[in-house]
Amino acid sequence: MRYDLIIFDNDGVLVDSEPISNTILAAYLTELGHPTTYEESIHDYMGAATHRVHDLIRERTGRSLPEDFETTLHARVFAGFERELEPVAGVPEVLGKLVADGTPYCVASSGSHERIRVGHRKTGLDQWFDDERIFSSQDVGKGKPAPDLFLHAAREMGVAPERCAVIEDSPLGVRAAVAAGMDVYGFTAMTPAAKLTAAGPVTGLFARMEELPGLLT
């Protein structure tokens, strides 16, 4: 590997959660009087921390979401995870290769620590990620597209930003990685390549997880 640390986004990269969570988010916002389609949820909120939902709704409507919005949303999303969540195809094999090659890796997600752990337990990815490899926007107080989360993960893992590769599937994540001074590889399974490259200079693009190790060597 030509990198000293591989930083994975979580939702849509490690676990196939975006269709579940955005279907639930769109339905809940609509229920609260903010009509939102699944496609709009993907466009506006994919890859973002929940504070972005609060900010955009307030900006667009002048109204605030209920105080229990996040608690209710998380409960519904976690229930959806328990019913349907699967790992992204090919992820266990990629993680196994990183371990075999002795390449450090971690996850840096806009989602909460609880969301990350619930998803990993359901999909069996918890065997690959101990606490020292899990970083959340909760740790820094500012989610993507700010670079803070990626810089925090690199610092905690003891690796310089320029020696890191970030694996992302959202424009917000690409912007954050570029701002952090890291190479970023765009996963196009859900997001068109043009949207990722429009967000910033992407070092490589791939549509299937099994393509990733070849890009990193």
Side-chain angles (χ1 to χ4, degrees), residues 5-28 38 41-42 45-50 70-101 103-139 143-144 149-150 153 156-157 165-170 172-174 176-177 184-191 196 206-216:
L5 177 65
I6 310 302
I7 305 177
F8 290 93
D9 176 43
N10 189 56
D11 293 293
V13 171
L14 295 176
V15 295
D16 194 16
S17 54
E18 294 292 7
I20 300 170
S21 58
N22 281 283
T23 296
I24 292 169
L25 174 58
Y28 187 29
Y38 170 78
S41 182
I42 289 286
Y45 307 120
M46 181 173 164
T50 52
E70 290 187 31
T71 301
T72 301
L73 176 64
H74 289 159
R76 295 183 183 187
V77 168
F78 294 166
F81 285 0
E82 290 297 337
R83 290 192 304 269
E84 321 176 39
L85 189 63
E86 298 288 343
V88 168
V91 161
E93 291 77 12
V94 169
L95 296 174
K97 178 166 179 51
L98 293 177
V99 170
D101 291 345
T103 303
Y105 64 90
C106 65
V107 58
S109 172
S110 293
S112 66
H113 278 282
E114 184 182 13
R115 179 187 176 111
I116 297 167
R117 285 171 170 81
V118 166
H120 286 191
R121 284 196 300 270
K122 176 61 171 64
T123 59
L125 295 184
D126 53 342
Q127 66 179 299
W128 303 99
F129 291 93
D130 52 26
D131 289 346
E132 288 70 30
R133 296 179 189 268
I134 297 177
F135 303 98
S136 161
S137 61
Q138 286 180 314
D139 302 332
K144 307 166 189 177
L149 174 56
F150 289 140
E156 290 296 310
M157 297 292 289
V166 175
I167 315 305
E168 266 289 351
D169 71 331
S170 75
L172 291 176
V174 169
V184 58
Y185 291 82
F187 185 38
T188 62
M190 276 195 63
T191 306
L196 296 178
F206 64 106
R208 295 177 297 115
M209 195 57 64
E210 52 263 37
E211 299 171 37
L212 178 60
L215 295 175
L216 299 176

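Just so you know, residue 1 is the first one in the sequence shown, and it goes up from there. Just the heavy atoms: all of them, side chains too, but no hydrogens, waters or symmetry mates, feed the values below.
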Quiz prompt | Output field: ring centroids Tyr105/Phe129 closer than 6.0 Å | solution = yes
Quiz item: Any side-chain heavy-atom pair from Pro19 and Asn22 closer than 4.5 angstrom?
Solution: no
Practice problem: Please round to the nearest 0.5 Å and tell me the distance separating atom OG of Ser21 and atom CG of Asp11. | Solution: 5.5 Å
Quiz item: Leu149 and Ser110: which non-hydrogen atoms are nearest, and at how many Å?
Solution: CD2-N, 4.2 Å
Quiz item: Any salt bridge between Glu114 and Arg117, counting N to O under 4.0 Å?
Solution: no
Quiz item: Say you draw a straight line from CG of Leu25 to CD1 of Ile20; how long is it, rounded to the nearest 0.5 Å?
Solution: 13.5 Å
Quiz item: Are Ile167 and Asp9 side-chain neighbours, meaning at least one heavy-atom pair lies under 4.5 Å?
Solution: no
Self-check item: Leu14 side chain reached by Val107 side chain, heavy atoms, under 4.5 Å
Solution: yes
Quiz prompt | Value rounded to 0.5 Å, distance of SG in Cys106 from CD1 in Ile134 | solution = 10.0 Å
Quiz item: Would you say Gln138's side chain and His113's backbone share a donor-acceptor pair under 3.5 angstrom?
Solution: yes
Quiz item: Do Asp169 and Thr191 get their side chains close enough for a donor-acceptor pair, meaning under 3.5 Å?
Solution: no
Exercise. Compute whether any side-chain donor of one residue and acceptor of the other, for Ser109 and Asn10, lie under 3.5 angstrom apart.
Key: no
Exercise. May I ask you to test the Phe81-Ser17 pair for a side-chain heavy-atom distance under 4.5 Å?
Key: yes
Exercise. Could you tell me the separation between the CG atom of Leu125 and the CD atom of Glu86, rounded to the nearest 0.5 Å?
Key: 10.5 Å
Quiz prompt | Closest non-hydrogen atom pair, Phe135 against Ala153 | solution = CD1-CB, 3.6 Å
Quiz item: Aromatic rings His74 and Phe78: how do their planes relate, parallel, tilted or perpendicular, breaks at 30° and 60°?
Solution: parallel
Quiz item: Which heavy-atom pair separates Ala165 from Leu216 by the least distance, and what is that distance?
Solution: CB-CD2, 4.1 Å
Quiz item: Just checking, is any N or O donor in the side chain of Ser136 or Arg115 under 3.5 Å from an acceptor N or O on the other one?
Solution: no
Practice problem: List the steps and the verdict of ring-ring contact (aromatic ring centres under 6.0 Å, His included) for Phe187 and Phe206. | Solution: CA-CA 5 Å; Phe187 185 38; Phe206 64 106; 5.0 Å; yes
Quiz item: Measuring from Asp16:CG to Thr123:OG1, what's the distance to the nearest 0.5 Å?
Solution: 10.5 Å
Self-check item: Side-chain heavy atoms of Glu168 within contact of Lys144, under 4.5 Å
Solution: yes
Quiz item: Do side-chain atoms of Glu82 reach the backbone of Ala79 as a donor and acceptor pair under 3.5 angstrom?
Solution: no
Quiz item: Could you give the distance from NZ (Lys122) to CD (Glu84), rounded to the nearest 0.5 Å?
Solution: 9.0 Å
Practice problem: Compare all side-chain heavy atoms of Glu93 with those of Glu210 and state whether any distance is below 4.5 angstrom. | Solution: no
Quiz prompt | Side chain proximity check, Pro213 to Val94, heavy atoms < 4.5 angstrom | solution = yes
Quiz item: Does Tyr185 reach the side chain of Leu196, with side-chain heavy atoms less than 4.5 Å apart?
Solution: no
